[in-house]
Amino acid sequence: MKLQELEKIGEYIYKIYKEGISNVPAVVFADEKIIDSLMADQSLNQVINVTSLRGVVYVFIMPDVHWGYGFPIGSVACTNYDEGGVISPGGIGFDINCGVRLLKTNISFKNLSDNLKEKLLDKLFEYVPSGVASESDIKLSKAEFKKVVEKGLNWAVENGMASENEIELVEDRGVKDNVDVSNVSSEAIDRGKCQLGTLGSGNHFLELQVVDNIYNDKVSKVLGLYKDQLVVMIHCGSRGFGHQVATDYINLMLKNMDKYNIKILDKQLACVPASSPEGQKYITAMNTAANFAHLNRQIITHKVRKAFREVLGKTVSVDLVYDISHNMATIENYVFNGKKVKLVMHRKGATRALPPFHNFLPDKYKTIGQPVFIPGDMGRYSFVLVGTQKAYELTCSHTCHGAGRTKSRNQIKKEIDYTDLLKILKDKGISIRASSKATVVEEAPEAYKDASIVVDIVDKVGISSIVARLRPVGVVKG
DNA sequence: ATGTTC
């Protein structure tokens with residue numbers, strides 16, 4: 001390669017740098033096959049575009065990388081806050097604070113009859129609205145909604161949908177600092193006020209899963225996970241609310257970039273200095289949407305508990321393991337390569353993977369590092385990992401977020417038939433409830449890499465450490 | 001991802 005320099009710098013580690021464009025190299029964690037597909041794809045240009053942003057100091061690309069809006073999904077972009085480093089909504093994504101939470105039950109899967117599993121899925125599908133325009137049974141006025149999103153998970157505690165102990169297991173206790181709903185548009189509030197406790201569509205899901213394999217007994221024990229245990233994984237975000245916040249601020253930034261003399265290679269990289277008035281406003285609006293997403297996953301958890309109790313009785317327990325975010329930006333002082341910098345850390349399809357004894361960790365997980373959940377596709381596996389010291393040193397404490405798409409929605413629709421897919425899943429013991437057949441086909445396992453491949457890479461590189469494998473047995477989709 | 005192509 002000439003201008004687009006790709007250099008292998010270690011086992012599963014590459015650098016990408018384009019002379020005259022990149023301010024810093026992107027460090028890519030991948031195997032050869034992933035590198036090949038990256039080089040053949042638009043996502044290569046997106047990686048290079050990110051390395052050209054003003055004030056960018058570190059770019060990390062994860063093995064689940066694929067094309068996204070402006071920034072590739074599977075990227076971490078850190079800019080220097082004190083030196084005019086930018087913040088860009090495209091580096092966070094439209095679904096602000098999309099994330100995953102894992103719930104553990106006190107039920108062994110072998111004790112759950114098919115009949116009860118089906119009943120449970122019926123109830124879950126009934127109680128958790130899913131699909132694009134789905135609305136919640138919680139309908140708030142605009143004024144009420146504003147208070148609710150400012151309170152974040154504290155509102156769930158006040159309303160009996162979460163316990164004080166439980167919210168310790170959510171990043172920032174589910175209440176972001178620096179929230180200001182007055183920087184959120186009236187349209188966003190309109191879209192969000194009837195969507196709390198709804199799943200959404202696309203790759204979002206609620207799954208009944210079984211702990212299928214344990215790779216680390218000690219850590220599993222601390223997390224309260226054991227083989228054959230029934231668990232619940234929830235993957236969703238901030239719905240139309242976050243989407244509108246992102247849209248509003250992309251437009252605002254496009255209008256204001258000239259003022260800061262910012263030139264970008266793609267309109268989708270719209271950005272302003274994080275310390276500018278527009279940047280500050282976006283940060284407060286993004287944090288408000290982040291509160292929404294935490295609350296959304298919490299309210300869904302409450303509904304899951306209701307469904308479980310009705311089907312399985314009062315002795316059933318459904319406890320939060322942890323709640324992670326994979327579309328978010330934070331501003332943090334970080335010591336990297338011996339240098340202390342205030343970083344604007346954009347993570348888009350990337351998960352925080354904090355090392356053991358990090359300040360941000362809840363007491364019960366201090367010794368093991370931050371729990372990391374990597375959802376795979378509906379037919380194969382999802383994974384539990386933990387953050388490591390090596391992630392602190394190599395990626396400012398980040399790892400991957402999923403399997404990564406290999407086929408577009410349109411492509412997979414041409415290849416897979418809904419009825420065939422349902423039969424294949426049924427033969428594997430996986431039942432489905434979905435509000436849209438098209439969505440199920442778009443999310444077919446064949447449209448994704450096997451999450452095992454991605455997880456194996458991050459584990460071997462050491463930017464997180466594998467703990468357990470989870471296998472889906474029931475799926476609720478939008 | 002999304003009141004599914006502003």
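The chains referred to below are lettered A, B, ... by the order of the sequence lines, with proteins before strands, and numbering in each begins at 1. Hydrogens, waters and symmetry mates are skipped; everything else that's a heavy atom, side chains included, is used.
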So what does A/Gly202 hit on the nucleic acid, given a heavy-atom distance under 4.0 Å: a base, only sugar-phosphate, or nothing?
sugar-phosphate
Check side-chain hydrogen bond (donor to acceptor under 3.5 Å, both in side chains) between A/Tyr448 and all other residues, then give those that pass, not counting sequence neighbours.
A/Glu443
Could you state the CD-C1' distance from A/Glu187 to B/dC6, rounded to the nearest angstrom?
12 Å
Could you check whether A/Glu168 pairs with A/Arg173 (Lys NZ or Arg NE/NH1/NH2 to Asp/Glu carboxylate O, under 4.0 Å)?
yes
Tell me whether A/Arg305 is salt-bridged to A/Glu166, with the criterion being a basic N under 4.0 Å from an acidic carboxylate O.
yes
A/Lys255 NZ to B/dC6 C1', in whole Å, measures 12 Å
Could you give the NE2-to-C1' distance, from A/His243 to B/dT4, as a whole number of Å?
9 Å
In whole angstroms, the gap separating P of B/dT4 from CG of A/Asp95 amounts to 16 Å
Let me spell it out: for each of A/Phe241 and A/Thr247, pick the nucleotide of DNA chain B with the closest heavy atom. Which residue's pick is nearer the 5' end?
A/Phe241
Integer-rounded Å distance: B/dT2 P and A/Ile92 CD1
17 Å
CG of A/Asn327 versus P of B/dT2: gap in Å, rounded?
11 Å
Between A/His204 and A/Val132, the residue closer to the 5' end of DNA chain B by nearest nucleotide is A/His204
How is A/Gly242 classified with respect to the nucleic acid when contacts are heavy atoms under 4.0 Å: base, sugar-phosphate, or nothing?
nothing
A/Asn410 CG to B/dT5 P: how many Å, rounded?
12 Å
Select base, sugar-phosphate, or nothing to describe what A/Glu135 touches, counting heavy atoms under 4.0 Å on all strands.
nothing
State which residues pass ring-ring contact (aromatic ring centres under 6.0 Å, His included) with A/Phe29; sequence neighbours excluded, sorted by chain then number.
none
Without decimals, in angstroms, what is the distance between A/Tyr69 OH and B/dT2 P?
17 Å
